[in-house]
Amino acid sequence: MASSLIPDPLQMWREALTQLESNVNSFVTGSMDSRDLVRSVHQLSAVSTGLQQAFEKAIGSYLAKVNLPSRKDVAELAEALRRIEDKVDRLAPPDAAQAMPRPARTRRPPDAEPTAAAPAASAKATAAARRSRRTAKRASARAGSRS
């Protein structure tokens with residue numbers, strides 16, 4: 001393949017990166033033989049772990065003082081909730097969710113004897129109310145974007 005007069009910048013970058021990696025690897029490999037460096041890295045790791053534990057303890061005590069749950073508390077609560085849901089699922093029959101009728105999600109209380117026309121009229125009124133809310137939101141969004 002004929003070489004170009006213009007060098008490939010990506011090829012130059014790859015070669016420079018490969019050279020840098022080999023230099024860093026040889027430096028780290030040679031310096032890890034030193035006992036002083038290994039001891040220093042070990043001490044730094046121990047100090048870092050100690051600071052992390054102290055920070056977690058301070059945050060935990062602060063959250064307890066302001067009456068907020070910690071991450072551990074939330075995880076324990078989620079685990080307890082999962083166990084409860086599993087127990088409920090085992091107690092309920094497999095098709096119990098499908099067998100029980102769900103109440104209508106309206107603001108009106110259920111009538112003693114609903115008529116056949118009432119649900120259709122209610123559905124139309126609900127759909128109209130949703131459309132008018134959407135239209136009002138769009139209009140306010142347009143007005144806000146113009147100013």
Show your reasoning for whether side-chain contact (heavy atoms from CB on, under 4.5 Å) applies to R35 and V38.
CA-CA 5 Å; R35 286 187 163 271; V38 172; 5.7 Å; no
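Listed by chain and residue number, nothing satisfies the side-chain hydrogen bond (donor to acceptor under 3.5 Å, both in side chains) test with Q43 (two or more places apart in sequence, or in another chain). Residues that satisfy the side-chain contact (heavy atoms from CB on, under 4.5 Å) test with L17, not counting sequence neighbours, are W13, E21. Contacts of S40 classified as side-chain hydrogen bond (donor to acceptor under 3.5 Å, both in side chains), with partners at least two apart in sequence or in another chain: none. The salt bridge (Lys or Arg N to Asp or Glu O under 4.0 Å) check on D89 picks up nothing, with sequence neighbours excluded. In terms of the side-chain contact (heavy atoms from CB on, under 4.5 Å) criterion, L44 has no residue partners (sequence neighbours excluded). Listed by chain and number, the residues in a salt bridge (Lys or Arg N to Asp or Glu O under 4.0 Å) with R71 amount to none (sequence neighbours excluded). Remark: L77 engages no residue in a side-chain contact (heavy atoms from CB on, under 4.5 Å) (not counting sequence neighbours). Qualifying side-chain contact (heavy atoms from CB on, under 4.5 Å) partners for R83, counting only residues two or more places apart in sequence or in other chains: E79, A80. Under the rule for a salt bridge (Lys or Arg N to Asp or Glu O under 4.0 Å), the partners of R39 that lie at least two apart in sequence or sit in another chain are D36.
With a 4.5 Å cut-off between side-chain heavy atoms of Ile, Leu, Val, Met, Phe, Trp and Tyr, the cluster of V47 takes in L51.
Checked by atom type and distance alone, the side chain of N23 never pairs as donor or acceptor with a backbone atom of L20 at under 3.5 Å.
With respect to the salt-bridge test (charged N to carboxylate O, under 4.0 angstrom), the residues D86 and R82 qualify.
Under the 4.5 Å side-chain contact rule for hydrophobic residues, V88 and L81 do not share a cluster. Following chains of ILVMFWY side-chain contacts shorter than 4.5 Å, one cannot reach I6 starting from M12, and the two form parts of different hydrophobic clusters. Under the 4.5 Å side-chain heavy-atom criterion for ILVMFWY residues, a single connected hydrophobic cluster contains both V41 and V24.
Counting only residues at least two apart or on different chains, no side-chain hydrogen bond (donor to acceptor under 3.5 Å, both in side chains) pair has a member in residues 52-63. For residues 6-20, the salt bridge (charged side-chain N to carboxylate O under 4.0 Å, His left out) pairs, not counting sequence neighbours, are D8-R14.
L63 approaches P69 most closely through the heavy-atom pair CD1-O, 4.0 Å.
Between N25 and S22, the side chains place no donor N or O within less than 3.5 Å of an acceptor N or O (distance only, hydrogens not considered).
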